[in-house]
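Counting starts at 1 for both ligands and their atoms, following the listed order. Residue numbers run from 1 in the order of the sequence given. Computed from a predicted model, the values in this text were never measured in an experiment.
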Amino acid sequence: MLLFLALPASAGGFRLSENCPPGFERLADDVCRMVTLYDQYGSLRGRGVGGTRTGLPPRRDGFTAQQIDLGRYLFFDPILSADGSVSCASCHDPALGLADGRGRSTGLHGETLSRGAPTLWNSAFLSRFFWDARAESLEAQLPGPLYAAGEMGNNPDDLLAALRNNAEYPALFRAAFGAGSGPIDTAQVYTALAAFEASLISLNSRYDRYAHGDHNALDAEEIAGLNVFRSFVARCAECHTPPLFTNQQVAVIGTPEPEGLPRDIGAQATFGSPKLRGAFKVPTLRNIARTAPYMHSGRFETLAEVVAFYNDGRGHAVPEDEPLQLHWHIVSPELAAHELDQLVAFLGTLTDERFLPRVPTRVPSGLTPGGRSARAALTPTGEAP
Ligand code: HEC
Ligand code: HEC
């Protein structure tokens, strides 16, 4: 009799994908391994900066397809927040470069946070997280947004109770972590979210095609911009080092705060070093044309404003009574106006959103996928759900 057949894990219509996301291949032991043309090049060490054919730093991969897909549901499900209104995608919106289009993010109750949401592209390669570099892994980063009163406002007990009492999630977690994995715990939640984040890869921009040898992928203006970018005059590549366009260090560059706001001491708080007052993690420039406004608190609206800031002279925006120790690669390059235009043109070649995740049409909680968004609503993409 049909009634006695075991129900599949997809009882409510939710089933985790068995396929690795695009850009990954599935290995014999069922884990997904990232595949990128950069694997043909050696590591950065000893090869200077700014060269096109440099390899990538170590990465997080090796998650299963099911763990990645569970993480996708969690990422878009507002069940993770205290009142069911906000999901990760509220501030890391696929339609806004996995950021939120705001200089400073908006929290659970509409409060303005002190910093902006960084993009999540290529976070698989990062060794430090947050603008002040205070977390050392994707998993260690997660309690930040989940439990901060102003962000998702939750706590571990309520989060786990909501997931365990949900009609769908217990079966989905068993599908991702094995039948004997026990009740849902925070480590599983963090692993699934980290697996999903580590699948957000952007390494196929026009710049990358140029780097791999397609000389027609960039036009003359953009190639000129690349040359300015990696020149010893401008020194951008010393910190925004290809291919990730970050060297993963923190640096004091003297960004002005928005009008009327006190200086954010940044990494001084993380490392306890006064020299790092006002230091921030060097952000990736991947998909930078998609993530305005710019800098930790969104001081600059456009890329033209950013390059003008670097060109206007070392420390020009630092008040005289501010004891900031600017990084030695922050110089006064005195670039001509056309070179600044070329730089902006080059930054536009770093856009590649081909592996944007599918926004689910519905999530296991039954709440609105994505929750409250910076835009009116998230646009679901791809097949159901
Ligand atoms: C209310 C808006 C908001 C929500 C919701 C939110 N974030 Fe963020 N996220 C931010 C802000 C702002 C920062 C930077 C904070 C800082 O540096 O102090 C950030 C930083 C990060 C970083 C560090 C990126 C880097 O390059 O350093 C990661 C990873 C991240 N968030 C992932 C997530 C995940 C996963 C979720 C859901 C569990 C989430 N965020 C929910 C606003 C948000
Ligand atoms: C000494 C290291 C260093 C150098 C050199 C440098 N940057 Fe930066 N860059 C940073 C840091 C650190 C930040 C973040 C600062 C902040 O948020 O206040 C940043 C931020 C940016 C941003 C905004 C990123 C975002 O997500 O908001 C852009 C664009 C940028 N830099 C482009 C350039 C260009 C173009 C050059 C060369 C003219 C350059 N940078 C040179 C360290 C550097």
Side-chain angles (χ1 to χ4, degrees), residues 71 74-76 78 80-81 86-92 97-100 102-108 111 113-123 126 128-135 138 141-146 148 150-154 189-190 193-194 196-197 200 225 228-231 233-240 245-257 264 266-267 278-289 291-300 303 305-307 309-311 326-331 333 335 340 343-344 346-347 371-372 374:
L74 293 171
F75 187 87
F76 288 102
L80 264 46
S81 64
V86 171
S87 76
C88 307
S90 300
C91 301
H92 302 282
L98 297 171
D100 62 4
R102 296 169 189 271
R104 293 181 290 145
S105 293
T106 307
L108 190 65
E111 57 274 67
L113 306 181
S114 59
R115 295 177 183 154
T119 187
L120 303 185
W121 285 115
N122 295 337
S123 44
L126 299 186
R128 291 273 185 179
F129 298 87
F130 291 120
W131 284 104
D132 54 11
R134 68 185 183 277
L138 284 168
Q141 188 275 334
L142 283 164
L146 287 169
E151 292 191 42
M152 300 173 90
N154 219 332
V189 174
Y190 302 162
L193 281 167
F196 171 70
E197 293 176 275
L200 303 169
V228 175
F229 186 86
R230 58 185 185 187
S231 69
V233 176
R235 305 196 189 186
C236 314
E238 298 282 347
C239 296
H240 300 284
F245 291 85
T246 167
N247 61 2
Q248 307 215 40
Q249 312 274 316
V250 297
V252 186
I253 69 168
T255 323
E257 296 294 347
D264 183 335
F280 295 96
K281 198 176 65 142
V282 177
T284 179
L285 301 182
R286 294 279 178 176
N287 288 315
I288 193 70
T291 57
Y294 300 108
M295 304 296 182
H296 64 276
S297 51
R299 174 63 194 253
F300 300 125
L303 288 171
E305 282 176 44
V306 173
V307 297
F309 159 76
Y310 283 106
N311 205 41
L326 296 175
H327 194 281
W328 64 92
H329 284 309
I330 292 301
V331 290
L335 300 172
L340 297 179
L343 263 183
V344 172
F346 168 67
L347 293 173
R372 191 209 62 214

At the 4.0 Å heavy-atom cut-off, does [X] count as touching ligand 1?
X	answer
R104	no
T106	yes
S114	no
P118	yes

- request: Look at the side chain of H240 and the backbone N and O of N247, then say whether any donor-acceptor pair between them is shorter than 3.5 Å.
  value: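 No; judged by distance alone, with no hydrogens or angles, the pair does not exist.
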
Which atoms of ligand 1 sit under 4.0 Å from any heavy atom of [X]?
X	answer
L120	28 (C), 29 (C), 30 (C), 32 (C)
E197	29 (C), 32 (C), 35 (C)
F129	27 (O)
G116	11 (C), 12 (C), 13 (C), 14 (C)

Looking at ligand 1, does any of its N/O atoms fall within less than 3.5 Å of an N/O of [X]?
X	value
K281	yes
D132	no
Q141	yes
T119	no
R128	no
S87	no

field: Part of L74 with heavy atoms under 4.0 Å of ligand 1, whether side chain, backbone, both or neither
entry: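 For L74, there is no contact with ligand 1 at all, from either part.
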
- request: Check L108 against ligand 1 and report side chain, backbone, both or neither, counting heavy atoms closer than 4.0 Å.
  value: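 Neither part.
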
Just go through [options] and tell me whose heavy atom is the nearest to [atom].
atom	options	result
atom 10 (C) of ligand 2	F300, F280, Y310	Y310
atom 27 (O) of ligand 1	F130, F76, W131	F130
atom 6 (C) of ligand 1	P145, S81, A194, P143	P145
atom 14 (C) of ligand 2	S297, C239, P283	P283

query: Hey, what's the ring geometry for F346 with F229, parallel, tilted or perpendicular (30° and 60° as the breaks)?
result: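 Geometry flag for F229 against F346: tilted rings.
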
N or O pair under 3.5 Å between [X] and ligand 2:
X	value
H296	yes
T255	yes
Y294	no

field: Modelled atom types, side-chain donor and acceptor of E257 and H296, under 3.5 Å
entry: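 A donor-acceptor contact under 3.5 Å links the two side chains.
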
Give me the nearest non-hydrogen protein atom to [atom] as residue plus atom name, then the distance to 0.1 Å.
atom	result
atom 9 (N) of ligand 1	H92 NE2, 3.1 Å
atom 26 (O) of ligand 2	I288 CD1, 3.6 Å
atom 36 (C) of ligand 2	C236 SG, 2.8 Å

salt_bridge(D132, K281) N-O dist < 4.0 Å: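 Here D132 does not pair with K281 in a salt bridge, since their nearest N and O are not under 4.0 Å apart.
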
message: If we set the cut-off at 4.0 Å for heavy atoms, which region of V250 has an atom near ligand 2: side chain, backbone, both, or neither?
response: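 Under 4.0 Å from ligand 2, V250 contributes no heavy atoms.
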
query: Is it the side chain, the backbone, both or neither of N311 that has a heavy atom closer than 4.0 Å to ligand 2?
result: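 Looking at N311 and ligand 2, no heavy atom falls under 4.0 Å.
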
query: With a 4.0 Å cut-off on heavy atoms, is V306 touching ligand 2?
result: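 For ligand 2, residue contact (heavy atoms, under 4.0 Å) with V306 is present.
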
task: Return yes when E238 approaches ligand 2 closer than 4.0 angstrom through a heavy atom, no otherwise.
output: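 Heavy atoms of E238 never come under 4.0 Å of ligand 2.
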
query: Counting from 1, what ligand 2 atoms have a heavy atom of A251 closer than 4.0 Å?
result: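 Listed by number with element, the hits are 1 (C), 2 (C), 12 (C).
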
field: Criterion side-chain contact (heavy atoms from CB on, under 4.5 Å) against T291, the qualifying member of D100, L285, T119
entry: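 Answer after filtering D100, L285, T119: T119.
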
